[in-house]
Amino acid sequence: MEEIFENLNDEQRRAVEHIDGPLLILAGAGSGKTKTITSRLAYLLDVVGVSASNTLTLTFTNKAAKEMRFRALSLIKQNTYPPLLCTFHKFGLLFLKFNIHLLNRENNFVVIDSDDKKKIIKKINSQIATPLVASEISRYKNSIMSPDEAYKQAEFHQYQQIAKIYDEYERYLQENNLLDFDDLLVLTYKLLEQNNNLRLQTSNKYKYIMVDEYQDTNELQYKLLRLLSSEHNNLCVVGDDDQSIYGWRGAHIRNILEFDKDFDNVNTVTLENNYRSQPNILKVANALIVHNRSRHNKTLKATRENGKEVVTLSSSDENEESRKIAKLIKSLIDEGTEAREIAVLYRINALSRSIEDGLNRNGIAYRLVGGLRFYDRAEIKDLISYFRVITNLHDDFSLKRIINKPKRGLGKASIDKIESAAFNAQVSIFSFLNDASLDDLVTLVKKKNANTIKAFLDELVYLKKISEESSYTFLDKFIEHIDIKKMYASSPDESEKVQNIDEFYALYRDYIKQNPSSTLDDFLNEVTLQSDQDQVEGESIYIMSIHASKGLEFKHVFIIGLEEGFLPLNSEGSDLEEERRLAYVAYTRAKDTLSLSHVNSRYYKGRRSDVDKSRFFNESGLAGGSLKLENKSAYKKGDLVRHKIFGAGRVLGVSKAGKEIKLHINFAGSKRDILASFVEKL
DNA sequence: ATGATAACAGTTTTT
DNA sequence: CTGTTATCAT
């Protein structure tokens, strides 16, 4: 027990010791959030005596789940099996494995990823842009809206069309027993909602629920949590409204802002002590974030000693910018800083190119985080499809992907013919092909192809048999019979693809070794919900988008592209407050030094344009020497401005107040002095 | 069936 | 300028 409290501050300790009833932990950046959650879990098990099986801890990413599991297990002293600590989606998957029969579906479903989803949509419709349809379907599902309801509420023809596609899409998933990512949560919610006994039983099982990154939950996750905690209200949520940067993909910041209204008798603990950054960095971050209106009031308090001032880097264009930054990084490394302690962050991935150039020219090794993920690569998806077909020969969706890989002379036309013939016969593609005689097949495809199809089916059946006999020998036989590597051996980026294939085989072997009793099916389920694998840390610096940097920390952080139109992105399309939170997240990644870079001219989308310094410099109190009254971004008498509280007003006079500019403004008759950083120019 | 070229669009991303 | 998709010859 002593050990759990070691190194916890008073607030953290209060959060850990709170047992019953709803608890909101507002955990500022670098305030020891993970430590608090994992300590609380250990406290529940070791001190309060709660059984591990009565707890549920939910995260958004596998990475977070993994780290928490590791840290929690090192704290828990009691000899117990590990508590359930997983992503929302993994929880849905487990829950559905046990309960989906209540919806009259079999639990041998296959989870498809967003790529698969788009393919299905594309097949159904070719008129409306697939990404739009995909995101609308996701929206409907997350609002628990049936295709019928979506159709009724559609105001425009196009949205009626989308509702129809949604209807067909749902039917396709059901017929093939597929679930998309949304389904894992939606169906879990529906089951709990429609089945009172199940709700009762489930809520009573998970008596103590914790949710990480609560500011990122969407409406559906919120509703799901309500049902899960309905019998006890022992819901502990942890998050930071100031770090809510996923509004664009449905996260509801209101969930964390109004948690205390949503639940009765909420206890709130605010963690404001920051153990990560030096005071100068926090000063700038705090100055920026107070400009947001929708937030819980809190201020990060420094615990570290002061260090270097936050640096502003001004350059004429992106080439100069990257040159400067590369030089600075080089000298840091020369001074002995470990490369992995340095990161360059940007708002949009397109900005990575220029910084990559600069780093390359200076011989600085970098690791670009993001980009195409391992499991999204074509060669890996091919392998997964093969494995899926082998576990379930009637998985038409996967079979279609691999039927011509390696090439068997079957193009789109032939596959379409086969598919519709199978559809008419009301059987799976496999059954259709397997039952058909060679003569039957010849009516659909060329004689030569008919033979290869038959041979292909035999191989699948053979491999299925092997896979059921032994997960160990399966892979060797698979490689022996299906030579995927050869297929990619002649492609331009050959070596990388072959490496990926080997990597995947290694993952399989590893999995079987660690879970000897597991089946191929278990492996596949694990793999679909897995996105990023652990990056091996090497002697290279990191470059990544700000979104990708959330949750990480570095001694030295460089943020590039702090310009109007880049950060903040564009004031119209995106939410300015979310853009500000994004800058805040970026600032608070820094431990020792923070450098903010902007240029006067940037090359983007094939053309060069002039860009203004981001308003966030002013808002962060970093106006510095470049604040000139005749500067075109500065204010002058007669300008229209808007203040968060006082609304629109007209500038009557401009003066200096230290580093800041002070404006005398007329707001509908009431005249006030306001610092320029607190208003927006109209 | 497959490879080559034209047309086009273009934040952020996990599961 | 890129990467992706639609269309067109072979």
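Letters A, B, ... mirror the listed sequences (proteins, then strands); counts begin at 1. No experiment lies behind these values; they were computed from the predicted model shown.
- Nucleic acid contact class of A/N349 (heavy atoms, under 4.0 Å, all strands): sugar-phosphate only.
- Rounded to whole Å, the P atom of C/dT5 lies 16 Å from the corresponding atom of B/dT12.
- For the P atom pair drawn from C/dT4 and B/dT13, the interatomic distance equals 15 Å after rounding to whole Å.
- The side-chain tip of A/R408 points at the ring of A/F456 from less than 6.0 angstrom away and within 45° of straight on.
- Among the protein residues, A/R607 comes within range of no part of the nucleic acid, since none of its heavy atoms lies under 4.0 Å from any strand.
- In this structure A/F432 satisfies the ring pair (Phe, Tyr, Trp, His ring centres under 6.0 Å) test with no other residue, sequence neighbours excluded.
- Residue contacts shown for A/N404 are limited to sugar-phosphate atoms, with no base heavy atom under 4.0 Å away.
- Listed by first and then second residue, the salt bridge (charged side-chain N to carboxylate O under 4.0 Å, His left out) pairs that reach into residues 120-129 of chain A are A/K123-A/E419, sequence neighbours excluded.
- Under the stacking definition used here (centres under 5.5 Å, planes under 30°), the residue A/W248 qualifies as stacked on the base of B/dT12.
- Taking 4.0 Å as the cutoff to heavy atoms of chain A, we find the contact window on DNA chain C bounded by C/dC1 to C/dA6.
- Applying the salt bridge (charged side-chain N to carboxylate O under 4.0 Å, His left out) definition to pairs two or more places apart or across chains, those involving residues 242-252 of chain A are A/D242-A/R295, A/D242-A/K298.
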Tabulated below should be each protein N or O lying under 3.5 Å from an N or O of nucleotides 3-10 of chain B; please produce it.
none

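- Within 4.0 Å of A/K446, counting heavy atoms only, lies no atom of the nucleic acid at all.
- Judged as a salt bridge (Lys or Arg N to Asp or Glu O under 4.0 Å), and not counting sequence neighbours, the contacts of A/R602 are A/E321, A/E563.
- Put simply, A/S114 has no side-chain N or O that comes within less than 4.0 Å of OP1 or OP2 on B/dT14.
- The residue A/L410 sits close only to the backbone: its heavy atoms come under 4.0 Å of sugar-phosphate atoms, none of a base.
- OP1 or OP2 of B/dT14 has not a single side-chain nitrogen or oxygen of A/N62 nearer than 4.0 Å.
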